[in-house]
Visitor: 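Just dropping this structure here.
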Amino acid sequence: MGWVNSRRDLGSLIFIDLRDREGITQIVFDPQIEKVSHEHAHILRNEWVVAVKGTVSRRLEGQENASLPTGDIEVKVTELKILNRTETPPFQVDGAVDASESLRLKYRYLELRRPEAFNTLRNRHLIASCIRKYLNGNGFIEVETPFLTKSTPEGARDYLVPSRVSKGLFYALPQSPQLFKQLLMIAGFDRYYQIVRCFRDEDLRADRQPEFTQVDLEMAFVDEDQVMGIFEDMMSVTFSEILGYQIALPIKRLEYREAMDRFGTDRPDTRFGMELKDITDIAAGSDFRMFKGVVEDGGVVKAITIKGGAPAFSRKGLDELGEMAAGCGAKGLAWIKLTDNGWQSSLNKFFGDGDKAAVNEKLDAEPGDLILIVAHNRKIVNESLGVFRVEVAKRMDLINTDGYDFVWITRFPLLEYNEEAKRLEAVHHPFTAPVEEDLPILEDYPEKVRARSYDLVLNGAEIGGGSVRIHDLAIQQKMFSILGILPEEAQLKFGFLLEALKYGAPPHGGMALGFDRLVAIMTGVSSIREVIAFPKTTSATCPLTNAPSSVDNAQLKELGLQLVGREQHTLFDK
RNA sequence: GGGGACGUAGUUCAGUUCUGGUUAGAACGCCGGCCUGUCACGCCGGAGGUCGCGAGUUCGAGUCUCGUCGUCCCCGCCA
């Protein structure tokens, strides 16, 4: 039984490629074997659903098809039953012509009929099974937490659900099960996990969906090393079992500060070098006024060296990079092409021979190399060089795409100042514990305090993160006050957590893994939409169901809601 | 919220600028016919178009202008 993938009607002999989820098998209608079914088989078309009876037999000598796993055999049909016919599909399921993504989403069930799409989702299932097996075997208990829960002010925008029973009040769909898993630790569950849906109402990207799946876990009586240890082990087992790939353990670790200095980003792609080097001292001694000015203002001058990059970048290519620098806030991009005769650069006349040699040495630069330099405050310099580093590596094809390169980024800043909101915000979330030795400066220099947090980065993509949590009521209250949340407000929004912290909260910490991103990387697809059975478009709509859609006035009335503004929506697209 | 690319048979695209002009093409798919070893079967014939939508310029718009809708990518945003 299966679907007609293709037919080859030779008149008196008819071949059908029959497809089911496991693959394709050729079946033969031969009037010498059975007349009636052969006659009926003439009308078969692609994607019809059929059942056949017959004998599996070895193909004739020389008629094997090496490109099919079942290419040595065929089914000689003695009975044909047509189970269903089809209209002409909106796109060809056998994949001869690729359809646009919105069409494939609208007819997602046809897309999923394709072997590649099915296999991606089957791999997702296998990865999830592997993770479950690992965690089950290590004493973790899967617990479901509420989807209809309480809106929290920090973090992303919430999806809201109106309450019918309590008119005018709203549930929020969880951005993550964060607080519930902490409560489970306080309850003494010790090791919890959940493969769970999370919801965030923010603008979409190729690697972002409004609802996405996390592997969420939490452990009691642990420090960050134990959480990271479990996670490394879990990833190692999963990559080994699913891909046959051995992750190099232990996964290397970088403190946030060092990652920013060396790679210009908190999710460095460490599959290639080209690290950022500081040449502030040398630049300060040059005659280039712009560099001097930056250094006097407390800024830095940093550079990356592109080995053999001088011929690869034309004036135009460098101008493009310059525009990207401007996009990052940098005032400009200086470059040096190293030739056998010295520097080819607009900086040439501003640097003495000694300084030139010092720069070359510091940057490990030889003739044929290209040096890119940015001068500004530390943040912008790191950010723009970090962007160049990745862009240049892509353009020069320096990234080994076969491997899986993991790195932990630890000890992020606990807090950062939000210019727009004019207050401090938690970098990770407000329940993250500060590094103990930084506690004394929490009040006076809050932005200098490091968090007991850690992100797992794979091939330059953040795939997960977590932290040791605050289990001390006084510190949690202090955190809220530093974040500008008044005690009454904290009580209103997080009262249940503060209350719980009074009743014997053990030290605990955990982590969450972006499961869709992990699966996308492991299956080698470019968008997480490919690894989600029924994903949404970049405007958070579903072409298949036409969600979101309008509802009856009666439904609204029942919820005590009234629409303002744009009320008219068409129910059906053309 | 901002920037960019795209939108033409069922599908994927060409045609669109410089230079608006008779009947808008191709491939795959679809329909009909022929064919006993095909496997992207082959051969012959055929149908299929509101050029996303709306306005404007023009004697004349797929082509130029403005608006609008949709899809994708990026920035902001995503504790």
Side-chain angles (χ1 to χ4, degrees), chain A residues 5-18 24-33 38 42-43 45-47 59-68 70-71 74 76 86-107 110 152-158 174-176 178-179 198-210 212 323-324 327-329 387 412 414-416 418-421 424-432 451 453 462 465-467 479 483 485 494 512 514 526-527 529 536-539 541 543 570 573-574:
Chain A
N5 192 63
S6 63
R7 75 197 156 94
R8 292 176 292 279
D9 186 343
L10 274 56
S12 299
L13 205 55
I14 301 167
F15 297 93
I16 297 287
D17 283 346
L18 196 65
I24 285 173
T25 306
Q26 174 164 281
I27 59 179
V28 194
F29 296 90
D30 185 338
Q32 291 178 351
I33 292 179
H38 172 266
H42 279 300
I43 63 165
R45 292 296 181 266
N46 286 357
E47 300 311 316
R59 290 198 192 182
L60 295 179
E61 189 95 9
Q63 296 297 337
E64 298 87 357
N65 183 348
S67 60
L68 281 182
T70 59
E74 60 191 0
K76 293 193 192 305
T86 177
E87 291 189 12
T88 301
F91 56 86
Q92 285 163 252
V93 175
D94 70 4
V97 175
D98 209 7
S100 74
E101 186 162 2
S102 55
L103 197 75
R104 288 185 286 129
L105 287 183
K106 180 167 181 181
Y107 298 94
L110 295 181
T152 51
E154 298 282 313
R157 202 175 288 116
D158 286 320
Q175 296 173 28
S176 85
Q178 181 59 35
L179 293 174
C198 303
F199 307 86
R200 293 177 192 175
D201 186 5
E202 296 291 349
D203 287 346
L204 275 53
R205 289 283 192 285
D207 61 354
R208 243 193 262 161
Q209 282 274 301
F212 60 97
E323 275 167 37
M324 289 175 63
C328 298
V387 170
F412 281 73
L414 184 68
L415 300 154
E416 72 185 344
N418 181 327
E419 298 286 346
E420 215 168 297
L424 287 168
E425 282 186 347
V427 168
H428 186 53
H429 58 50
F431 320 107
T432 302
S453 61
E462 181 204 329
S467 63
M479 269 298 286
L483 292 170
I485 301 172
F494 304 108
S526 56
S527 162
R529 289 189 294 274
K536 293 187 173 55
T537 68
T538 46
S539 51
T541 61
T570 47
D573 285 351
K574 58 193 174 324

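These numbers come from a predicted model, not from an experiment. Every chain is numbered from 1, with letters handed out A, B, ... down the list of sequences.
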Visitor: For A/Ser67 and for A/Pro89, find the nucleotide of RNA chain B with the closest heavy atom, then tell me which residue's nucleotide is more 5'.
Guide: A/Pro89
Visitor: For B/rC73, does OP1 or OP2 lie under 4.0 Å from any side-chain N or O of A/Arg529?
Guide: yes
Visitor: Describe the nucleic acid contact of A/Ser6 in one word from base, sugar-phosphate, nothing, applying a heavy-atom distance below 4.0 Å.
Guide: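 Sugar-phosphate, backbone atoms only, no base.
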Visitor: Is the A/Phe431 ring parallel, tilted or perpendicular to the A/His429 ring (thresholds 30°, 60°)?
Guide: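 Tilted: the ring planes of A/Phe431 and A/His429 meet at 30° to 60°.
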Visitor: Is any side-chain heavy atom of A/Met479 closer than 4.5 Å to one of A/Leu415?
Guide: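 Yes, their side chains come closer than 4.5 Å.
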Visitor: Considering only the P atoms, how many Å lie between B/rA24 and B/rG49, rounded to the nearest integer?
Guide: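 It works out to 12 Å between them.
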Visitor: Classify the nucleic acid contact of A/Pro90 as base, sugar-phosphate or nothing, counting any heavy atom under 4.0 Å across all strands shown.
Guide: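 A/Pro90: backbone/sugar contact only, no base atoms under 4.0 Å.
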Visitor: Just to confirm, is there a sub-4.0 Å distance from OP1 or OP2 of B/rU38 to any side-chain nitrogen or oxygen of A/Arg8?
Guide: no
Visitor: Taking atom P in both B/rC51 and B/rG42, compute the distance separating them and give it to the nearest angstrom.
Guide: 33 Å
Visitor: Can you check the distance between B/rU36 and B/rC72, where both ends of the measurement are the C1' atom (answer in whole Å)?
Guide: 49 Å
Visitor: What is the distance from CG of A/Asn5 to P of B/rC41, rounded to the nearest Å?
Guide: 9 Å
Visitor: Do A/Arg200 and B/rC77 have a side chain to base donor-acceptor pair shorter than 3.5 Å?
Guide: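 No pair found.
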Visitor: Output, in order, the C-alpha distance, side-chain angles, deciding distance and verdict of side chain to side chain contact (heavy atoms under 4.5 Å, CB included) for A/Arg529 and A/Thr538.
Guide: CA-CA 10 Å; A/Arg529 289 189 294 274; A/Thr538 46; 4.3 Å; yes
Visitor: Using a 4.0 Å heavy-atom cut-off across all strands, classify A/Arg157 as base, sugar-phosphate, or nothing.
Guide: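 The residue A/Arg157 makes no contact with any strand.
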Visitor: Using the six-membered base ring of B/rU11, report whether A/Phe91 stacks on it, requiring centroids under 5.5 Å and planes under 30° apart.
Guide: no
Visitor: Over all strands shown, is A/Glu74 touching base, sugar-phosphate only, or nothing at heavy-atom distances under 4.0 angstrom?
Guide: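 A/Glu74: base contact, heavy atoms under 4.0 Å.
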Visitor: Looking at A/Asp17 and A/Arg8, is there a salt bridge between them, counting it only when a charged N and a carboxylate O are closer than 4.0 Å?
Guide: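 Result for this pair is yes, salt bridge flagged.
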Visitor: Taking only the C1' atom of each, what is the distance from B/rU11 to B/rG48 in whole angstrom?
Guide: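 Here B/rU11 and B/rG48 have their C1' atoms 13 Å from each other.
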Visitor: List in chain and number order the residues that pass side-chain hydrogen bond (donor to acceptor under 3.5 Å, both in side chains) with A/Asn65, two or more places apart in sequence or in another chain; answer none if no residue qualifies.
Guide: A/Ser67
Visitor: Nearest to the side chain of A/Thr88, heavy atoms from C-beta on, is which of B/rU36, B/rC30, B/rU12?
Guide: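 Looking only at heavy atoms from C-beta outward on A/Thr88, the closest nucleotide is B/rC30.
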Visitor: Taking donor-acceptor contacts at under 3.5 Å, does the side chain of A/Gln92 reach the base of B/rU12?
Guide: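 No pair found.
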Visitor: Whole-Å distance between B/rU11 P and A/Glu87 CD?
Guide: 14 Å
Visitor: If you pin A/Thr541 and A/Asp207 to their nearest nucleotides in RNA chain B, which one's is more 5'?
Guide: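 Nearest nucleotide further toward 5': that of A/Thr541.
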Visitor: Could you tell me whether the side chain of A/Arg45 has a donor or acceptor atom within less than 3.5 Å of a complementary atom in the base of B/rC31?
Guide: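 No such pair is found, so the answer is no.
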Visitor: Got a sec, which residues hit side-chain contact (heavy atoms from CB on, under 4.5 Å) with A/Ser100, two or more places apart in sequence or on another chain?
Guide: A/Ser102, A/Leu103
Visitor: Looking at every strand, decide which applies to A/Ser176 at a 4.0 Å heavy-atom threshold: base, sugar-phosphate, or nothing.
Guide: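 Contact class for A/Ser176: base.
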Visitor: Which nucleotide sits closest to the side chain of A/Asn65: B/rC39, B/rC35, B/rC74?
Guide: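 So the side chain of A/Asn65 is nearest to B/rC39.
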Visitor: With sugar-phosphate meaning primed atoms plus P, OP1 and OP2, does A/Gln63 contact a base, only sugar-phosphate, or nothing at under 4.0 Å between heavy atoms?
Guide: base
Visitor: Scan A/Thr25 against the nucleic acid and name what it touches under 4.0 Å (heavy atoms): base, sugar-phosphate only, or nothing.
Guide: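 Here A/Thr25 touches no strand at all.
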Visitor: May I ask you to say whether A/Glu47 pairs ionically with A/Arg45, meaning some side-chain N is under 4.0 Å from a carboxylate O?
Guide: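 Looking at A/Glu47 and A/Arg45, the cut-off is not met.
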Visitor: Which is true for A/Arg104 with a 4.0 Å heavy-atom rule: it touches a base, it touches only sugar-phosphate, or it touches nothing?
Guide: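 No contact.
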Visitor: With rounding to the nearest 0.5 angstrom, report the CD to CZ distance, A/Glu154 to A/Phe494.
Guide: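 CZ of A/Phe494 is found 6.0 Å from CD of A/Glu154.
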Visitor: Name the closest nucleotide to the A/Glu202 side chain, picking from B/rU38, B/rG76, B/rC77.
Guide: B/rC77
Visitor: Under 4.0 Å between any heavy atoms, over every strand shown, what does A/Val28 touch: base, sugar-phosphate, or nothing? Just pick one.
Guide: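 A/Val28: no heavy atom of the nucleic acid under 4.0 Å.
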Visitor: Has the side chain of A/Asp30 got a donor or acceptor that lies under 3.5 Å from a partner of the other kind on the base of B/rG37?
Guide: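 Not at all, since no donor on one side and acceptor on the other fall under 3.5 Å apart.
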Visitor: Please report the distance separating the C1' of B/rA40 from the corresponding atom of B/rG3, rounded so that it comes out in whole Å.
Guide: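 My reading of the C1' atoms in B/rA40 and B/rG3 gives 42 Å.
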Visitor: Please pick, from B/rC39, B/rC77, B/rC31, the nucleotide with the shortest atom-to-atom distance to any side-chain atom of A/Arg7.
Guide: B/rC31
Visitor: Tell me what A/Ser100 touches on the nucleic acid: a base, only sugar-phosphate, or nothing, going by heavy atoms under 4.0 Å.
Guide: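 Here A/Ser100 touches the backbone only, sparing every base.
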Visitor: Look at the side chain of A/Arg205 against the base of B/rG76 and say whether a donor-acceptor pair falls under 3.5 Å; ignore hydrogens and angles.
Guide: yes
Visitor: Pick base, sugar-phosphate or nothing for A/Asp201, based on heavy-atom distances below 4.0 Å to the nucleic acid.
Guide: nothing
Visitor: OP1 or OP2 of B/rC72 less than 4.0 angstrom from a side-chain nitrogen or oxygen of A/Ser102, does that happen here?
Guide: no
Visitor: Assign A/Gln32 to base, sugar-phosphate, or nothing according to its heavy-atom contacts below 4.0 angstrom with the strands shown.
Guide: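 Here A/Gln32 touches the bases of the nucleic acid.
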Visitor: Measure CG/A/Asp9 against C1'/B/rC39 and give the value in whole Å, please.
Guide: 14 Å
Visitor: Distance check needed: B/rC13 P versus A/Leu103 CG, whole Å only.
Guide: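 My rounded result for the distance is 11 Å.
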Visitor: Take atom P in B/rC75 and the same atom in B/rG29, then report the distance between them in whole Å.
Guide: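 Pairwise P distance, B/rC75 against B/rG29, rounds to 40 Å.
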Visitor: On a whole-Å scale, what distance lies between the P atoms belonging to B/rC77 and B/rG15?
Guide: 39 Å
Visitor: Counting any heavy atom closer than 4.0 Å, what does A/Ile24 reach on the DNA or RNA strands: base, sugar-phosphate only, or nothing?
Guide: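 Result for A/Ile24 = nothing.
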Visitor: When rounded to the nearest Å, what value does the distance between P atoms of B/rU8 and B/rC13 take?
Guide: 9 Å
Visitor: Nearest-Å distance, NZ (A/Lys76) to C1' (B/rU36)?
Guide: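 It is 12 Å, rounded to the nearest whole Å.
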